[in-house]
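Take a look at the structure below.
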Amino acid sequence: MNRSARARTRCVLACLAVLAALGAMTLGPVAGAATAAPASPTLLVPRDFPTIQAAVDAAASGSTVVVQGGTYTEQVVVSGKDLELVGADAPTVKAPATLTTFGTNTRTGQPVGAVVRVAHGAHVRMVGFTVSGPIPCGPEVGGITALQAATLDLADVRVTDMQPPPSCPADQAGGRGVVYGLPPFVQVEGAEGSTAFGRVSGVRIARYQFDGINLAGPPGAVPPTRVTVLDSEITGGAQIPVEQFGIAIGEAVATVTGNTVADSVCTAPGCGPDPINDLQSGGIFAGFTPAGTSITGNHVSGADIGIYQFAAPNCCRITANVLTDNRLFGVAIQDGDGATHHNVITGGQVGIGVIADAVDTTGTLHGDVISRTTVAPVRELQCCGFRATAVVKPD
């Protein structure tokens with residue numbers, strides 16, 4: 001390089017340094033100019049780290065952990081950091097034979113654990129994984145659990161076999177597919193209950209013990225647990241007798257839209273057809289749920305009760321669902337006023353039941369289409385001095 005070329009190079013480098021310094025001044029960029037975000041680091045499992053947890057521990061907040069195909073027998077915990085977990089070629093996170101638990105169910109005394117746990121305000125997007133059991137006998141285990149104000153976005157994820165061995169006693173068996181938040185009787189780090197937030201989209205859940213998806217939180221939490229469940233498939237079938245639910249909504253606000261839920265049947269002692277004296281399972285269950293939940297455009301079949309609103313007055317908009325061959329009721333509204341809108345109900349004993357045994361209850365039914373029921377399209381059931389009223393409107 002000749003002298004004049006070297007001089008020009010030094011000039012160009014000096015100018016670039018000046019421009020960089022100006023860009024870093026507190027005056028900020030020129031209006032309308034594009035500002036490139038710094039690239040987030042990507043960690044690859046198993047190339048960079050032998051386990052998913054090792055990569056999660058090493059990752060800075062904002063990183064992406066890409067997991068290649070294979071089976072990883074481990075528990076994964078993301079706590080207090082923002083990460084994207086991406087499965088390449090559908091890797092499986094498999095529950096180990098012995099699980100480390102994080103809390104206690106104070107009602108049953110059982111420990112509570114998870115195969116994948118997102119906690120302490122973490123923001124996580126998880127896509128392209130399978131999470132599988134079987135789970136050990138003893139603890140209550142969620143395949144994927146979000147708690148302690150964490151936010152979790154699940155897409156294209158499969159959760160399967162969240163069940164203990166068939167030899168496990170019923171009082172020591174517990175498995176759920178996906179869990180957001182915890183009820184007040186689950187204690188973690190001295191706190192009773194927990195909130196969580198997020199979205200479940202295109203997720204497939206099969207062969208669980210208790211619930212396919214469970215949404216919960218402490219009563220009166222501000223903000224409450226809030227989750228959208230969209231375009232997912234939940235299929236029950238417990239090995240051990242249980243009162244099972246496809247999607248269970250407790251102290252949470254949910255938008256449940258376009259899901260297919262099948263085969264939630266109560267098999268435990270005390271199960272039976274009488275909603276006042278017996279237990280029933282529900283495809284979609286809203287119990288003690290605050291106002292603001294929407295249950296719309298779902299297809300529910302093969303449950304005891306397709307959609308079951310219990311002790312949750314005016315919690316939910318139950319609209320345009322297709323409820324097919326649910327054994328006892330297509331929809332049941334019990335111990336708290338509720339309304340239905342333009343659902344299509346086929347088969348089963350009763351299309352819509354309005355039931356009162358703790359408070360007077362009115363069900364207002366707008367334009368539902370009910371056919372092929374063996375007992376009645378609409379039925380009122382009441383006892384103990386309380387009144388059940390079904391108001392049927394054409395639209």
Side-chain angles (χ1 to χ4, degrees), residues 219 243 245-254 256 261 264 266 270-298 300-301 303-395:
E243 185 185 9
F245 300 94
I247 300 173
I249 310 162
E251 291 279 353
V253 176
V256 179
V261 183
S264 296
C266 190
C271 297
D274 180 357
I276 294 174
N277 298 299
D278 301 328
L279 301 175
Q280 295 83 32
S281 290
I284 300 174
F285 175 77
F288 307 98
T289 303
T293 286
S294 172
I295 301 170
T296 305
N298 303 283
V300 185
S301 63
D304 289 338
I305 300 172
I307 298 174
Y308 192 0
Q309 177 187 314
F310 178 80
N314 300 311
C315 70
C316 309
R317 185 170 177 84
I318 301 172
T319 304
N321 300 282
V322 177
L323 309 166
T324 305
D325 294 331
N326 295 290
R327 189 166 66 97
L328 304 176
F329 298 89
V331 176
I333 298 169
Q334 184 168 357
D335 291 333
D337 295 348
T340 62
H341 300 262
H342 303 97
N343 301 281
V344 177
I345 302 170
T346 306
Q349 293 184 9
V350 177
I352 300 176
V354 180
I355 304 146
D357 66 302
V359 296
D360 292 341
T361 298
T362 298
T364 306
L365 319 178
H366 302 81
D368 301 291
V369 178
I370 302 172
S371 63
R372 292 199 293 109
T373 55
T374 59
V375 174
V378 176
R379 191 177 184 193
E380 300 165 338
L381 297 169
Q382 58 194 28
C383 87
C384 318
F386 300 101
R387 182 173 181 81
T389 304
V391 179
V392 179
K393 297 189 174 182
D395 54 21

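- Side-chain contact between Ser294 and Thr319 is absent, with no heavy-atom pair separated by less than 4.5 Å.
- A donor atom on one side chain and an acceptor atom on the other are found under 3.5 Å apart for Asn298 and Asn321.
- Looking only at distances, a side-chain donor or acceptor of Glu380 sits under 3.5 Å from a matching main-chain atom of Ala390.
- Rounding to the nearest 0.5 Å gives a distance of 9.5 Å between OG1 of Thr296 and NE2 of His341.
- Side-chain N/O atoms of Asp360 and Gln382 include no donor and acceptor closer than 3.5 Å.
- Across Thr373 and Gly351, no two heavy atoms sit closer than the pair CG2-N, 3.5 Å.
- The CD1 atom of Ile307 lies 5.0 Å from the CD1 atom of Ile284; values are rounded to the nearest 0.5 Å.
- Put simply, the residue from Leu365, Ile352, Ile370 that forms a side chain to side chain contact (heavy atoms under 4.5 Å, CB included) with Val392 is Leu365.
- At distances below 3.5 Å, at least one donor-acceptor pair connects side-chain atoms of Asp368 with backbone N or O atoms of His342.
- No side-chain donor-acceptor contact under 3.5 Å links Gln280 to the backbone of Ile305.
- Across Asn343 and Thr340, no two heavy atoms sit closer than the pair ND2-CB, 3.5 Å.
- The shortest non-hydrogen separation linking Cys316 to Ala286 is SG-CB, 3.8 Å.
- Using bins of under 30°, 30° to 60° and over 60° for the plane-to-plane angle, the ring pair Phe285/Phe245 lands in the tilted bin.
- Of all the heavy atoms in Thr374 and Gln349, the pair that sits closest is OG1-CA, 3.3 Å.
- Judged by distance alone, the side chain of Thr293 and the main-chain N or O of Cys315 form no donor-acceptor pair under 3.5 Å.
- Between the side chain of Thr289 and the main chain of Gly250, a donor-acceptor pair closer than 3.5 Å is present.
- In this structure, Asp335 contributes its side chain and Asp357 its backbone to a donor-acceptor pair below 3.5 Å.
- Judged by distance alone, with hydrogens and angles left aside, the side-chain atoms of Asp304 form a donor-acceptor pair with the main-chain N or O of Ser281 at under 3.5 Å.
- Contact annotation: the side chain of Gln334 never approaches that of Thr361 to less than 4.5 Å [non-hydrogen atoms, C-beta and beyond].
- If you take CG on Asn326 and OG on Ser301, they are separated by 6.5 Å, rounding to the nearest 0.5 Å.
- Ile355 approaches Ala332 most closely through the heavy-atom pair CD1-CB, 4.0 Å.
- Looking at every heavy atom in both residues, Ala291 comes nearest to Asn314 through CB-O, 3.9 Å.
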